[in-house]
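Letters go in sequence order (proteins before strands), and every chain restarts at 1.
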2 protein chains.
Amino acid sequence: MEKQTITIYDVAREANVSMATVSRVVNGNPNVKPVTRKKVLEVIDRLDYRPNAVARGLASKKTTTVGVIVPDVTNVYFSSLARGIDDIATMYKYNIILANSDQNNQKEVQVLNTLLAKQVDGIIYMGYTISDEMRAEFSRAKTPVVLAGSVDTDEQVGNVNINYEEATNEVIQYFIKKGHQKIAFISGPQSEPINGIYRLNGYKKALKDAGISFDSGLVFETDYSYQSGEKLWGELASAGVTAAFVGDDELAVGVKNGAIDHQVNIPEDFEIISSNNSKLTEMARPKLSSITQPLYDIGAVSMRLLTKLMNKEEVEEKTVILPHSIAYRGTTKD
Amino acid sequence: MEKQTITIYDVAREANVSMATVSRVVNGNPNVKPVTRKKVLEVIDRLDYRPNAVARGLASKKTTTVGVIVPDVTNVYFSSLARGIDDIATMYKYNIILANSDQNNQKEVQVLNTLLAKQVDGIIYMGYTISDEMRAEFSRAKTPVVLAGSVDTDEQVGNVNINYEEATNEVIQYFIKKGHQKIAFISGPQSEPINGIYRLNGYKKALKDAGISFDSGLVFETDYSYQSGEKLWGELASAGVTAAFVGDDELAVGVKNGAIDHQVNIPEDFEIISSNNSKLTEMARPKLSSITQPLYDIGAVSMRLLTKLMNKEEVEEKTVILPHSIAYRGTTKD
DNA sequence: AAATGGATTAAAAACGTTTGCAAAATTGAA
DNA sequence: TTCAATTTTGCAAACGTTTTTAATCCATTT
């Protein structure tokens with residue numbers, strides 16, 4: 001009645017070879033005489049032998065598993081990245097252990113330790129910001145790490161992103177060219193470098209280049225929730241904004257709906273450009289104009305980079321910047 | 001320069017005890033003299049020892065890892081389930097290996113085998129339908145399996161769902177009570193039991209109870225994409241429907257937008273009730289009325305059930321039905 | 001002082017592979 | 001044939017734990 005597992009040893013016995021030989025054929029080692037290989041393969045098939053990956057992991061010190069730390073899979077932005085990661089992982093015969101961190105520091109550290117205990121071959125980290133503790137853990141661990149869609153000053157780990165500053169700059173330039181003077185900058189926490197540094201810099205630069213002075217009253221800091229966006233219209237109206245850059249799609253849909261619920265005409269009286277080009281942008285009415293980020297690709301490239309790192313291949317550049325553009329849809333006038 | 005891992009043996013030596021004792025304190029075995037425990041703990045802390053989970057897995061035949069097979073994490077329905085699963089898994093000290101199957105048969109079988117090779121302690125399967133091959137694999141494996149949001153006639157595995165037939169029935173009853181005669185049934189593939197059997201039965205039953213004859217011309221079978229919904233209005237209009245039950249939220253948003261793009265007034269001229277109550281329903285304008293399924297809970301309960309199965313606890317009932325209800329929002333008249 | 005017995009601890013055998021090294025088999029040339 | 005060179009194979013030692021079994025302690029009792 002008990003789980004009667006069959007091992008490499010059983011196969012060896014049945015095939016009249018040593019377990020070393022069985023191991024070789026299982027691992028595709030070429031130093032096996034064809035006829036022997038065939039014989040072993042037959043037995044494997046007959047006994048329905050399945051190599052125990054845990055034992056393999058112990059002996060080879062490789063688990064073909066990578067850890068993926070994500071704030072919340074429920075967020076399309078992250079699930080898109082995760083999808084890209086998993087596809088490439090599968091392509092290279094890896095599996096992913098997915099862990100939600102809620103961007104909670106303690107939980108992150110905890111999760112990281114579990115992953116390392118499980119001997120993952122590499123780690124992909126996603127998150128809006130990287131705590132000092134995590135940074136420290138990353139540089140301490142000799143396990144390769146790649147940040148997907150997260151920037152950090154730590155040059156030790158790999159990371160892949162788009163140029164957030166540049167993208168934001170283009171959006172604001174576009175708005176300015178169309179005559180807007182009061183352009184809102186709406187984003188998640190400014191404490192996160194992507195918002196507080198890169199995007200904001202892009203925003204400021206565009207204003208400066210156009211000779212418009214920066215007004216901190218036009219910077220709106222919220223969390224990433226739809227609800228926060230929906231409630232924002234009051235403030236936006238009193239600030240007199242006529243256009244807005246929004247750092248997140250759900251948030252942007254909220255902003256749009258909030259405005260519409262107040263009988264604002266979009267895009268005639270208020271233009272919006274969002275940031276992530278998730279499928280939400282197509283599902284909204286009017287459709288959301290948005291910076292296009294290759295989400296899936298960011299995940300995919302991250303994983304590809306990680307495979308190189310795990311393989312100890314020479315990597316010319318640990319920082320990868322993917323191209324972006326802007327899709328003009330219903331929340332901008334032509 | 002090489003990865004200098006410190007093992008249980010190092011700790012044992014430093015603490016002047018046997019590795020058995022170290023193992024005991026690490027595993028919280030009470031048969032250790034307090035003073036010894038303290039000494040060992042100190043050494044563990046000093047050496048920064050981290051037990052190797054792979055070796056543990058080999059020795060104990062438990063990996064504290066469960067496999068999660070999902071068609072596509074990018075879909076909010078599934079990512080919500082996944083989130084519930086992960087949270088409970090974490091609570092019980094498990095990790096999840098997440099694998100996307102694209103509902104592709106070959107890929108599923110492939111993934112399942114990898115998971116079993118990795119010695120996962122249990123498996124949670126999500127998908128619209130279960131192929132015969134997978135069913136066979138499930139019953140062959142002695143690893144516990146739970147289906148989350150998927151029904152199957154196979155009584156061997158656990159599964160947690162809502163009562164799809166009942167829920168659909170209520171929706172249609174509601175429509176009928178409001179005077180609708182031509183009610184569309186829009187769903188994904190009819191080959192999937194949830195659509196072709198449960199939901200459709202609920203639909204038929206409501207009609208029958210109201211003395212309305214079933215018209216197969218009002219049944220619309222599509223895939224689950226937003227685009228399919230958007231394109232559907234033409235057909236719906238020629239069929240003369242005035243209300244629709246839709247089996248998926250993205251699909252429903254598509255149907256709604258398609259209608260709106262044709263100047264249809266919602267809900268005055270066309271009422272819609274969707275099925276998954278994902279956050280999309282709140283983000284749409286008008287907001288989507290929907291059957292409410294406790295997505296997170298389905299995941300959470302599935303994982304909880306799986307822990308019991310893995311623990312070989314007695315489980316009174318392998319099939320769990322969670323409560324549902326209907327949220328009336330903007331796509332239905334009061 | 002010896003015997004008893006429960007609480008602690010140690011020893012060593014798994015767990016199922018990979019892998020370095022040496023032995024055996026095969027091949028080809030002389 | 002023989003011998004060297006090359007392929008194939010087998011042996012056995014890791015890999016880092018858990019776990020069973022047996023030994024050792026130590027406090028009581030007699």
Distance below 4.0 Å between A/Y49 side-chain N/O and C/dT17 OP1 or OP2:
yes
Can a side chain N or O of A/T21 be found less than 4.0 Å away from OP1 or OP2 on D/dG10?
yes
If only side-chain N and O atoms count, and only distance matters, is there a donor-acceptor pair under 3.5 Å linking [Y] with [X]?
{"X": "B/E313", "Y": "B/N311", "answer": "yes"}
{"X": "B/K118", "Y": "B/T65", "answer": "no"}
{"X": "A/N159", "Y": "A/T319", "answer": "yes"}

Need one value for [X]: base, sugar-phosphate or nothing, where a base atom within 4.0 Å counts as base even if backbone is also close, heavy atoms only.
{"X": "B/V54", "answer": "nothing"}
{"X": "B/V32", "answer": "sugar-phosphate"}
{"X": "B/R50", "answer": "sugar-phosphate"}
{"X": "B/N16", "answer": "sugar-phosphate"}
{"X": "A/V26", "answer": "nothing"}
{"X": "A/S23", "answer": "base"}

Could you please spell out the steps behind the salt bridge (charged side-chain N to carboxylate O under 4.0 Å, His left out) verdict for A/E137 and A/R140?
CA-CA 5 Å; A/E137 298 279 358; A/R140 196 156 64 94; 3.2 Å; yes
Please pick, from [options], the nucleotide with the shortest atom-to-atom distance to any side-chain atom of [X].
{"X": "B/T5", "options": "C/dA10, C/dT17, D/dG16", "answer": "D/dG16"}
{"X": "B/L58", "options": "C/dC15, C/dT9, D/dT18", "answer": "C/dC15"}
{"X": "A/A20", "options": "C/dT8, D/dC15, D/dA12", "answer": "D/dA12"}
{"X": "B/T7", "options": "C/dG16, C/dT18, D/dT17", "answer": "D/dT17"}
{"X": "A/N31", "options": "C/dT18, D/dG10, D/dT9", "answer": "D/dT9"}
{"X": "B/S60", "options": "D/dT19, D/dT9, C/dG16", "answer": "D/dT19"}
{"X": "A/A59", "options": "C/dT18, D/dT19, D/dG10", "answer": "C/dT18"}
{"X": "B/A55", "options": "D/dT8, D/dT17, C/dT17", "answer": "D/dT17"}

Taking the six-membered ring where the residue is Trp, are the ring centres of B/Y224 and B/Y77 under 6.0 Å apart?
no
Quick check: B/Y49 with B/Y9 (ring centres under 6.0 Å apart)?
no
Quick one: [X] [atom1] to [N] [atom2], roughly how many Å, whole number?
{"X": "A/M19", "N": "C/dC21", "atom1": "CE", "atom2": "P", "value": "18 Å"}
{"X": "A/N27", "N": "D/dT8", "atom1": "CG", "atom2": "P", "value": "17 Å"}
{"X": "A/K33", "N": "C/dT27", "atom1": "NZ", "atom2": "C1'", "value": "11 Å"}
{"X": "A/Q119", "N": "C/dT17", "atom1": "CD", "atom2": "C1'", "value": "15 Å"}
{"X": "B/K38", "N": "C/dT8", "atom1": "NZ", "atom2": "C1'", "value": "18 Å"}
{"X": "B/R13", "N": "C/dT9", "atom1": "CZ", "atom2": "C1'", "value": "19 Å"}
{"X": "A/K61", "N": "C/dG20", "atom1": "NZ", "atom2": "C1'", "value": "16 Å"}
{"X": "B/K62", "N": "D/dT17", "atom1": "NZ", "atom2": "P", "value": "19 Å"}

Counting distance alone, no hydrogens or angles: does the base of D/dG10 have a donor or acceptor under 3.5 Å from a partner atom on the side chain of A/R24?
yes
